[in-house]
Amino acid sequence: MTQTENGSWDRLQALKSTVGAAQLRDLLADDPERAERMLVEGAGVTLDFSRQRVDSQVLQALLALVDERGVLQRRDAMFAGEKINVTEDRSVLHIALRLPREASLVVDGTDVVPEVHKVLDRMGAFSDRVRSGEWVGHTGKRIRNVVNIGIGGSDLGPVMAYLALQDYSDRDMVFRFVSNVDGTDIVEAIRDLDPAETLFIVASKTFTTLETMTNASAARDWVRQGLGDDADVAKHFVAVSTNAEKVAEFGIDTDNMFGFWEWVGGRYSMDSAIGLSTMISVGPDGFHDMLAGFHAMDEHFRTAPPAENLPLLMGLLSVWNRDFLDCPTVAVLPYDQYLSRFPAYLQQLTMESNGKRVKLDGSPVDSQTGPIYWGEPGTNGQHSFYQLIHQGTSVIPCDVLFFNEPLNKMGDQHDLLIANALAQAAVFALGRTEDEVRADGAPEKLVPHKVMPGNRPCSVITVQKLTPFALGALVALYEHTVFTAGAVWGIDSFDQWGVELGKAMAVGLAPQLISGDPAPAGQDAATSAAVARYRAARGR
Ligand code: G6Q
């Protein structure tokens with residue numbers, strides 16, 4: 001069945017020209033209870049979607065879509081460990097990473113929960129040794145600096161979580177994150193560090209990723225340069241990987257390797273051993289609190305009725321905004337400085353997952369799929385790109401996110417921050433009419449410039465306080481939001497074939513750039529010319 005032959009999809013198409021075209025200003029004025037009715041809570045997270053351009057008919061049709069598209073069956077299949085990542089023939093079990101010790105989840109005859117906790121316990125023991133100073137480097141000095149080397153899913157989660165939980169971190173330690181193959185990244189990360197006090201975590205599921213292995217080798221050279229060729233580098237390197245053979249080949253003691261499983265996708269791995277840097281920074285208890293937050297949201301997603309289910313509703317709203325209101329992007333606006341990398345983290349989670357053009361069976365999708373996610377913390381964004389959100393020609397739905405309690409109490413700064421978040425949400429929804437602008441006394445020639453169309457859909461997501469638990473719940477909220485939208489679209493949200501071709505081509509191009517190797521057969525003229533220009537510019 002194509003999406004357009006589908007009952008609820010057609011119903012939503014019809015509603016697009018009525019409810020979809022309605023003004024939030026009117027919806028809010030005509031139905032004051034809307035603000036209370038369109039408020040749901042789960043795992044300590046509150047979602048206020050009263051400023052989304054929906055009404056009960058749209059919600060009903062979206063919820064009917066859940067049944068028609070088998071979203072709940074797919075959810076249950078994921079939680080049961082079925083191989084729902086069809087193109088890679090894998091289970092999708094990040095939810096197992098946060099199951100409590102006493103739970104059980106049997107996949108292919110093995111209970112994965114004891115395996116998960118075995119790794120968590122090893123990570124805990126190791127983190128304690130590093131944090132207490134018991135783990136020492138080659139010269140006997142304690143470790144003061146932790147540098148995570150990884151990229152994509154092996155970087156974005158760790159760096160986002162480190163920054164988000166900085167208030168809970170060991171402030172006597174320095175944490176750095178190196179991802180880019182651009183040498184600048186590692187040079188700047190380690191220039192002021194003492195190798196004798198530095199521990200590198202080489203985080204790579206495959207342990208073959210070009211950027212990570214290149215940076216790991218550079219780090220090993222730096223340690224040897226600093227501590228001598230005969231230095232015991234094993235004291236300065238640990239690995240997080242599924243590939244023991246490659247880890248050993250690199251010279252890392254596999255006793256100091258923390259494993260995970262092929263059923264953990266890179267962008268769903270920050271709560272696996274990939275989060276080792278997070279655990280060292282906030283301690284094992286903090287990490288377990290974060291896992292508890294993830295699990296609480298998993299349970300909410302698994303058991304809450306659809307109409308009160310946060311990730312399900314957010315996923316459905318994203319389908320409505322993308323496919324029916326024709327909004328190609330979503331802005332994520334956290335009003336919290338600690339969440340400065342949260343939008344970047346969500347970019348990968350959402351776009352690598354749902355940036356797909358064919359369905360599970362390989363047939364082309366017949367709707368739009370994943371929107372572009374982007375954003376910056378408020379209030380900074382207000383002084384930069386909000387102009388386009390307010391008055392540009394594209395409608396950009398926004399997720400405004402804030403915590404009620406500040407972690408840093410500085411006079412009334414937190415109240416000012418939240419006043420800005422709520423003011424922006426109101427302006428997104430209501431805008432400013434011509435009459436209002438005139439009534440404000442604007443000169444006539446400025447009236448059109450000052451009119452704000454409003455009707456920008458917006459969700460306001462709030463949590464009491466930014467804690468490890470809250471961070472886990474928020475990340476799981478978006479993980480399952482992405483899942484829901486992907487299930488409605490009928491795509492595989494867990495593969496990423498689109499990233500392969502460019503990587504393979506770069507490997508082929510490098511020898512051409514470095515040594516002037518002949519161009520491979522069939523190289524396009526633009527690339528050949530660019531290679532020649534680059535070589536000339538480098539005097540080769
Ligand atoms: C995420 C992707 C990708 C991956 C990186 C790093 O879902 O698979 O971002 O995490 O390419 O891969 P390695 O961990 O294998 O180095």
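Basis for what follows: all heavy atoms, side chains included, without hydrogens, waters or symmetry-related copies. Counting starts at 1 for both ligands and their atoms, following the listed order.
- The ligand atoms of ligand 1 that sit less than 4.0 angstrom from a heavy atom of S204 are 13 (P), 14 (O), 15 (O), 16 (O).
- Partner of F403 under the side-chain contact (heavy atoms from CB on, under 4.5 Å) criterion, chosen from T467, I461, T462, L474: L474.
- Of the listed options I151, I274, I149, D495, I151 places a heavy atom closest to atom 6 (C) of ligand 1.
- When side chains are defined from C-beta on, M160 counts as touching M270, because their heavy atoms get closer than 4.5 Å.
- S353 and R267 share a side-chain donor-acceptor pair at under 3.5 Å.
- For Y268 and F483, the gap between ring centers reaches or exceeds 6.0 Å.
- N243 places none of its side-chain heavy atoms less than 4.5 Å from the side chain of T206.
- Applying the 4.0 Å criterion to heavy atoms of T206 picks out, from ligand 1, the atoms 13 (P), 15 (O), 16 (O).
- Geometrically, R122 engages F258 in a cation-pi contact defined by less than 6.0 Å to the ring centre and at most 45° from the axis.
- The protein heavy-atom contact nearest to atom 2 (C) of ligand 1 is E352 OE1, 3.5 Å.
- Close to ligand 1: Q348, with a non-hydrogen atom less than 4.0 angstrom away.
- Among E500, K503, Q496, the residue whose heavy atom lies nearest to atom 8 (O) of ligand 1 is Q496.
- Remark: ligand 1 and T209 share an N or O pair separated by less than 3.5 Å (distance only, no angle test).
- Ranking the protein heavy atoms by distance from atom 10 (O) of ligand 1 puts G153 N, 3.0 Å first.
- The shortest N or O to N or O distance between F207 and ligand 1 is not below 3.5 Å.
- In this structure, R176 pairs ionically with D192, as a charged nitrogen and a carboxylate oxygen lie closer than 4.0 Å.
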